[in-house]
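Counting convention: from 1, in listed order, for ligands and their atoms alike. A quick note: this is a predicted structure, and the numbers were derived from the prediction, not measured.
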Amino acid sequence: ISRIGVLTSGGDAPGMNAAVRAVVRTGIYHGLDVFGIMRGYQGLMEDDIYQMEGRSVANIIQRGGTILKTARCKEFYTPEGRKKAYEILKQRGIEGLVVIGGDGSFRGAVAFSQEYDIPVIGIAGTIDKDIYGTDFTIGFDTAVNTAVEAIDKIRDTADAHDRLFIVEVMGRDAGYIALHSGIATGAENILVPERKTDLKDIINSLQEKERRKKLVNIIVVAEGDEYGGAQNVANLLKEHLPKAEARVCILGHIQRGGAPSCLDRLIASRMGYHAVECLIEGKFNVFVGILNNKMNYVPLENVGKKKGTISEEWMKIVKILAS
Ligand code: F6P
């Protein structure tokens with residue numbers, strides 16, 4: 001292999017730049033030509049590609065977003081789209097591809113790697129942490145810390161007014177941001193897409209707290225929870241708790257921005273380095289995860305496998321600690 005391409009795809013995640021930097025610098029260290037592909041698969045199909053030097057990635061390790069830009073590209077999920085991409089890579093002589101992205105981006109990569117002879121290495125870059133076979137995904141640590149910081153601030157004002165706050169964090173299919181930020185901020189309840197929550201239990205416990213004059217309560221809701229987000233949960237709760245001064249706060253995309261945490265920079269650097277090593281060693285069509293502090297190379301086709309679940313243990317801890 002002498003020429004490789006790197007792209008970022010799907011929702012951006014803090015630390016993607018650190019991963020791009022690691023791929024570029026490791027590639028150059030091994031004497032490879034490294035090409036940056038702009039706007040994910042979209043830019044690949046449009047030949048929006050440029051050669052990167054070591055200095056192209058100077059001063060980016062600390063920056064959020066992605067210098068390569070990103071996109072959610074529907075066309076790449078069609079055989080015609082992937083054919084276009086293949087032809088561009090062939091024309092440019094690019095023999096290996098590093099894809100930094102989440103679940104959806106890997107699904108595109110799986111189809112591509114099954115159809116064509118250009119190996120793909122995936123690096124898990126998503127704030128959702130919902131990828132099989134890795135303890136870490138790039139961006140989760142930063143996003144969850146952003147959420148914690150915001151919820152701490154919300155608790156100050158909730159406390160001053162004796163209010164109930166329903167805070168929505170990101171996670172369409174995954175509740176890790178909700179679970180981690182909720183536990184770390186002492187939330188009274190946490191609603192996640194992976195588990196059913198009976199609102200009656202929440203109502204009963206809030207009523208019981210009202211009787212004890214505990215009026216400050218924070219409920220953290222993942223955007224993909226079964227009730228359809230914080231506003232819906234608030235509406236349902238308000239019907240039964242007319243006295244509660246409830247407010248809703250949706251944290252939204254602030255969770256995706258900002259300087260990556262030290263942990264995200266470290267895992268991004270480590271994964272980026274190993275992604276290139278995989279291409280050099282011929283370990284093709286895998287994504288690079290970290291499990292129990294060791295590199296874990298997961299065949300790309302396993303990407304749809306069952307992800308980690310949110311355990312009963314954690315839910316019990318939430319309940320006991322919030323009483
Ligand atoms: O996958 C990352 C994520 O931030 C999810 O948590 C969220 O549901 C989604 O992306 C939002 O996507 P978009 O930025 O396209 O609205």
Side-chain angles (χ1 to χ4, degrees), residues 7-20 38-43 64-66 68-77 99-110 122-134 136-151 166-182 184 190-195 220-233 248-261 263-264 267-268 271 287 289 303-305 307-310:
L7 60 82
T8 49
S9 166
D12 64 318
M16 278 184 164
N17 278 327
V20 171
M38 300 301 291
R39 295 176 291 115
Y41 297 127
Q42 192 64 44
T66 156
L68 294 179
K69 298 191 182 280
T70 185
R72 298 188 195 277
C73 172
K74 293 220 173 74
E75 203 184 339
F76 193 73
Y77 294 95
V99 172
I100 305 167
D103 213 14
S105 311
F106 290 167
R107 262 181 276 123
V110 173
I123 297 180
T126 166
I127 65 163
D128 291 344
K129 202 170 89 81
D130 58 346
I131 307 274
Y132 166 83
T134 184
F136 303 100
T137 64
I138 297 166
F140 174 77
D141 185 62
T142 309
V144 90
N145 276 298
T146 300
V148 165
E149 215 177 287
I151 300 169
I166 304 101
V167 183
E168 182 176 304
V169 296
M170 274 190 164
R172 207 167 14 208
D173 308 305
Y176 291 106
I177 298 180
L179 180 77
H180 288 222
S181 65
I190 302 172
L191 275 67
V192 294
E194 293 89 341
R195 301 190 79 92
V220 177
V221 179
E223 63 176 327
D225 87 298
E226 67 195 291
Y227 300 100
Q231 189 59 60
N232 290 346
V233 171
V248 171
C249 182
I250 298 174
L251 299 187
H253 285 79
I254 63 159
Q255 294 160 96
R256 287 242 296 265
S261 66
L263 179 63
D264 277 329
I267 60 169
M271 289 176 177
F287 77 83
V303 88
K305 273 205 174 170
K307 327 241 147 72
T309 49
I310 287 180

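Within 4.0 Å of ligand 1, protein heavy atoms come from Arg72, Ile127, Asp128, Met170, Gly171, Arg172, Glu223, His253, Arg256.
Evaluation of the ring-ring contact (aromatic ring centres under 6.0 Å, His included) rule for Phe76 yields Tyr41, Phe112 as partners, not counting sequence neighbours. Residues satisfying the side chain to side chain contact (heavy atoms under 4.5 Å, CB included) test with Asn145, not counting sequence neighbours, are Asp141. When the side chain to side chain contact (heavy atoms under 4.5 Å, CB included) test is applied to Glu226, the partners found at least two apart in sequence or on another chain are Lys196, Thr197.
Here the side chain of Arg256 pairs no donor or acceptor atom with the backbone of Gly11 at under 3.5 angstrom. A distance-only check finds no donor-acceptor pair linking the side chain of Thr8 to the backbone of Leu68 [under 3.5 Å].
Between Phe140 and Tyr176, the ring-plane angle classifies as perpendicular under the 30° and 60° cut-offs.
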